[in-house]
Each structure stands twice: as structure tokens, then as C-alpha cells.
Amino acid sequence: MSNTRKFSSVVVDGYQRAASRAMLYPVGFKKEDFNKPQVGIASTWSMVTPCNMHINDLADEAENGVNGAGGKAVIFNTITVSDGISMGSEGMKYSLVSREVIADSIETVAGCQGFDGVVAIGGCDKNMPGCVMGLARLNRPSVFVYGGTIQPGENHTDIVSVFEAVGKRANNDITDIELEQIESTAIPGPGSCGGMYTANTMASAIEALGMSLPNSSSQDAISDDKNSDCFRAGEAVLNLLNKDIKPSDIMTKKAFENAITVIITLGGSTNAVLHLIAMADAINVDLTIDDFTRIGAKVPVLADLKPSGKYMMSELVEIGGTLPLMKMLLDAGMLHGDCITVTGKTLAENLKDVKPYADEQKIIMPLDNPIKKDSHLRILRGNLAPEGSVAKITGKEGLTFHGSAKTFACEEDALQAILNDQIVEGDIIVIRYEGPKGGPGMREMLAPTSAVMGKGLGGKVALITDGRFSGGTHGFVVGHITPEAFSGGALAIVEDGDQILIDAENNSLELQVDKSVIEQRLSNWKKPSPRYTKGVLAKYAKLAQSASRGAITE
């Protein structure tokens, strides 16, 4: 058992560590516990969002699993913030920053306390990559647990339904009473947003990566299955400790390729590009935006899930979750089955006895009849994005868009223009100075994209930005434009009326202005002053790398 106590033994063994043991008795340790491997349970519980309101109960289940398997669990907390609540406000600038804070705090607590292993439980969007980044940096036997998906609201609604209802209200298509009915019933209880938005995307990616137990990504937040998932995660860490299996053994390049493949078939969020690159960096795996293009050329979209499709994650749960999909992909030679996972077994071994979906289900299409024959996540380059950008093009909105620029220096100004009918068919909304450094924090643009849909302009206008998009966004949108405007990217010098071509077939994003004009405008451009000079946003702005590098901090 000594090898399983590599870190805790340094903290609690020997007469010299009497003071450390004295501090642990009042928090629940007994004498015999000092001879057990210690496992930290990182809980992202918070009452600031329904995504995380139940996670302390899940942490208790993980604690029981650890203790029952012969370890000593210690629960600690890290933060969460709510994208859905802060969306469209200045507060949203803290969202991506919270990913770094979560990773830092898990690394800090586990590193300081000498935990031998860690279970991390996340609910809202940034919890998932933040937790895994922290686990990767520590590189101690670890399991991630997803807090689970929410149930649909009344009339099959969810948070995106509310955002789109705002546009409908501005268009006088619904009344205040109808809007209140939607907002008061769309979120029925605990769990993460219910479509294939960022939370469910990242949970699915992490399961495919091998860092969570089979089907952890496809369980309702309030369910016996989710409680069991947490208990088994506690047990699994002890197994990983005994076998000395660490995140670096699991999070390999091939495992990241599996994750990319699965989230493409599910029609996942553009944020997966940002977060998977950041997670790979944390474990020293070389993953780039070009890997998404390479893999996406041969991987189809199969899932008819919101926001572009009809169904919610809870309905995918009902037909068996992600496991039958992964088995189908494995059998087709599209996944690396030899990747080790947190079960201590390979992905192929985990999937060996998984049964296929029932014939009558309509959520996951067969490989020979996909929704789209290749990836919806398009990496676009061109004079507007020489270092890359990310588009989410399902094909339903077309594959190319040519239009006239209408420029805005922040999200709020663009949203008001949409709601005030200043955006018309053929416009390309340009929102700049919203990148990692310029925002700072790279806000999601769910409010303006939902307003576009609510106004009936979906497919009639496009939106491009150096910010990013919620997983709930759909329509003709391009984000993550690099270099960002604040760093002198060409997005900074686009003028109203300029012609822009977005081409998701040839993966290009072009400002159709003469090169000499672009150079002249750039020579006259003056870098704006930072919006924050103190505090966490200023710190992030100073350290943040470009979106093409995952907006990581260095």
C-alpha cells in the first residue's frame, strides 16, 4: 500500500508530522486513516447555478466510494460561475477565466495537502476542462465525474429557448406574459443545460478521452445512475492507485483524437476546440486546430441534438447514451480502441458488450446516412484569420455566406442593433475586441445569436467575432478569430459596408478589400487601452494566449 501513498505519506508519516495529523483529527480522520491513501474530492458545488446545485450530494457518494474501497476521502470545494446568468453582461468576461481558476485551485489544494489521487466533479461549462486541466497538471491517479444533464422544461424548452424568446419579444411575436411563462418553466431543476451545448459536449469528450467512467456523460443529474457513477468513481481511483495509472497514461494524442471524433458525431460545441487544446497543453500533448480539420474531414455528424437538431441530452440518455455511438464508431475503425481509460481497461474492453441502439430511435443517424458527411466544426483561415478561426456550420444554414459588414466594438452594441431592427438580410455582424486579451475573457455571444434567431434572421445574416459562442448558438457564425482585434488582427480595421466571404467548403474567411487598403488601415490603427488594469481580468489579459492555442495562460 506504500506506493499508493506516495504523496500523503510525506504529509502524515513519522513523529515529525505530528502537527499535520493533529490538524486532521478534527476534520474527521481517525488514527487508522493515516495509513490509507488520501483522495481529494473536488466539488464544484454552488447555489449560483442549477448546473451545480446538487454536486455536494454527488461528492458525498464519491467519498463513500473511496472510503469503502480502502482509502480516505477529503472533500474540498472550488468555484463555478454561470454562463447562462452572466451571458450578455460584463460578468461573462469572468467565465473563461474561471476555467483557469478551477484548474489552479484543484492543483493548489491537492498539491498542498498531499492527496494521492483525486475525484473531480463538474457541472457547468468551464468546470469540465478546468477540472481535467487541474488533474492533468497534478498527474496523479484521477477520475472526472460529470454532474449530469438537466431535464427538459415545459413544452420541451431549455435555456436557449429563453434567449430566443427575448428576440421574439423584441419582434412582438410573443407577449410579456408568454415570455414570463417560458422563463419560469424552462429550467425545471438541477443539471447542466440540456442540449449538446458546451457542458454535454465536454462531458462526452472527457468520457471518450478516457478520463471518466463509461456513460458518465450520459446520465441525468438527478438519478440513481449518477449517484452510482460517483460511488464507482471513488472506487476507481483506488484501482488506478494500485495499478499506478495516471492522467499522462490516459490523455494521449490518440485519446484526444477519440474525443474529437465523438464530439463531431454529436454535433458538439465550438468551445470543444478551445478546451481540448487547453487540456492537451496541460498534459504536454501537441494538439492544434489543424487536428480538428484533419479528423473532421472523415468524421460525419450523426446526432440530431439541440441546438441545430430536435432532441435533448436526456432523450439520448433514454436510448442508451453515448456508449452505443462509441461502439458503432469503434466497429467502423474510427476510434483507437487500445487507449487506456480510468477503468484500468482499454476503450475497446469497456465497449465490448455494449448493445446497439434500438432500430426505432431517431436521435443518432447511421454512418451511411449522416446528417452531414463531414465535421460541422470548420477551421477557417484567410486574411481575416491568418492564424485560424472556428465556425459551426451544420449545413442547414448553407455552406457559404457573402455579405456586408456592420461593425461593433462590443457585444452589447451589437445586441441592441439586432433588437432595434438595425440588422437586415445580407449583413455580417462583426463583433470585435472580445478576444482573450481584448475583452478580456472572450465572452460567448449567445445573446446576439439568439436574438438573430428570435428576430427571424437565422440563415439571412452571419456573425463573426474574436469572441466565442455558447454551445447553444446556431446559425451562420464564426468565432475565435486570430489574431484578435486587440492584438492588431485585421478584424480591427473592418469598416461598415466592407464585403466579407465566409466559405465553409474551402475553409476560408476573407475580407474582400484590396491588400494595400488593409495595410494602410492597419498602419493607422491604434491599439486601445486595456479595459482592466487590476484584478483577475487584468491578470488573465496579460497572460492569455490566442484562441488558436486554447486561450491558455502562460
Side-chain angles (χ1 to χ4, degrees), residues 78-79 81 92-112 120 125-140 142 202 205-206 209 211 247-248 251-253 256 259 270-292 379 385-390 433-444 466-468 479-489 491-492 527-554:
T78 180
I79 68 161
V81 300
M92 184 63 190
K93 293 180 177 180
Y94 290 89
S95 171
L96 187 56
V97 178
S98 77
R99 182 189 74 180
E100 309 303 307
V101 177
I102 291 165
D104 289 350
S105 63
I106 291 174
E107 178 190 358
T108 298
V109 175
C112 177
D125 294 10
K126 308 311 167 299
N127 299 173
M128 265 71 79
C131 285
V132 173
M133 288 163 66
L135 301 180
R137 292 179 196 166
L138 289 160
N139 201 31
R140 302 176 189 184
S142 306
M202 293 313 301
I206 293 166
L209 187 66
M211 282 298 292
S248 58
M251 296 171 64
T252 62
K253 182 66 177 279
F256 277 100
T270 54
N271 282 314
V273 179
L274 198 74
H275 295 324
L276 284 171
I277 290 173
M279 289 157 54
D281 179 82
I283 203 71
N284 296 315
V285 167
D286 182 22
L287 190 72
T288 72
I289 55 175
D290 295 323
D291 287 310
F292 288 81
I379 305 301
E387 295 175 14
S389 62
V390 183
Y433 299 110
E434 290 285 6
K437 291 182 176 295
M442 205 178 178
R443 285 191 289 186
E444 293 178 347
D466 51 8
R468 58 196 177 94
H480 306 207
I481 292 175
T482 54
E484 63 177 285
F486 188 81
S487 298
L491 197 70
K527 186 173 186 173
S529 299
R531 288 173 169 160
Y532 289 84
T533 58
K534 296 282 187 183
V536 69
L537 289 179
K539 186 186 301 181
Y540 181 80
K542 186 172 183 178
L543 298 175
Q545 304 301 299
S546 78
S548 62
R549 292 195 57 206
I552 59 172
T553 53
E554 283 190 354

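Only a predicted model underlies this, so the values are computations on that prediction, with no experimental measurement involved.
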CA sep, side-chain torsions, deciding dist, call: S95, R468, side chain to side chain contact (heavy atoms under 4.5 Å, CB included): CA-CA 11 Å; S95 171; R468 58 196 177 94; 3.4 Å; yes

Between [X] and [Y], what is the shortest heavy-atom contact and its length?
| X | Y | result |
| --- | --- | --- |
| I379 | F292 | CG1-CB, 4.3 Å |
| N139 | S248 | OD1-N, 2.9 Å |
| L274 | A547 | CD1-O, 3.6 Å |
| F256 | L276 | CE2-O, 3.6 Å |
| E100 | Y540 | CG-CE1, 4.0 Å |
| A136 | A282 | CB-CB, 3.9 Å |

Below 4.5 Å, heavy atoms only, C-beta onward: do [X] and [Y] meet side chain to side chain?
| X | Y | result |
| --- | --- | --- |
| H275 | L96 | yes |
| M202 | M279 | yes |
| R549 | E554 | yes |
| S546 | P483 | no |
| I102 | M133 | no |
| K126 | V81 | no |

Audit row: M251, V132, side chain to side chain contact (heavy atoms under 4.5 Å, CB included) steps and yes/no: CA-CA 10 Å; M251 296 171 64; V132 173; 3.6 Å; yes

Derivation and outcome, side chain to side chain contact (heavy atoms under 4.5 Å, CB included), residues E484 and M442: CA-CA 10 Å; E484 63 177 285; M442 205 178 178; over 6 Å; no

Approximate separation, where rounding is to 0.5 Å, of H480 NE2 and T270 OG1: 4.5 Å

Inter-residue atom distance S389.OG - D466.CG, 0.5 Å rounding: 11.0 Å

Stepwise side chain to side chain contact (heavy atoms under 4.5 Å, CB included) test for S105 and I79: CA-CA 8 Å; S105 63; I79 68 161; 5.8 Å; no

I277 and its side chain to side chain contact (heavy atoms under 4.5 Å, CB included) partner, picked from I289, T288, D291: I289

Charged N-O contact under 4.0 Å between R99 and D125: no

Heavy atoms of other groups near K253 NZ, more than 12 under 6.0 Å: yes

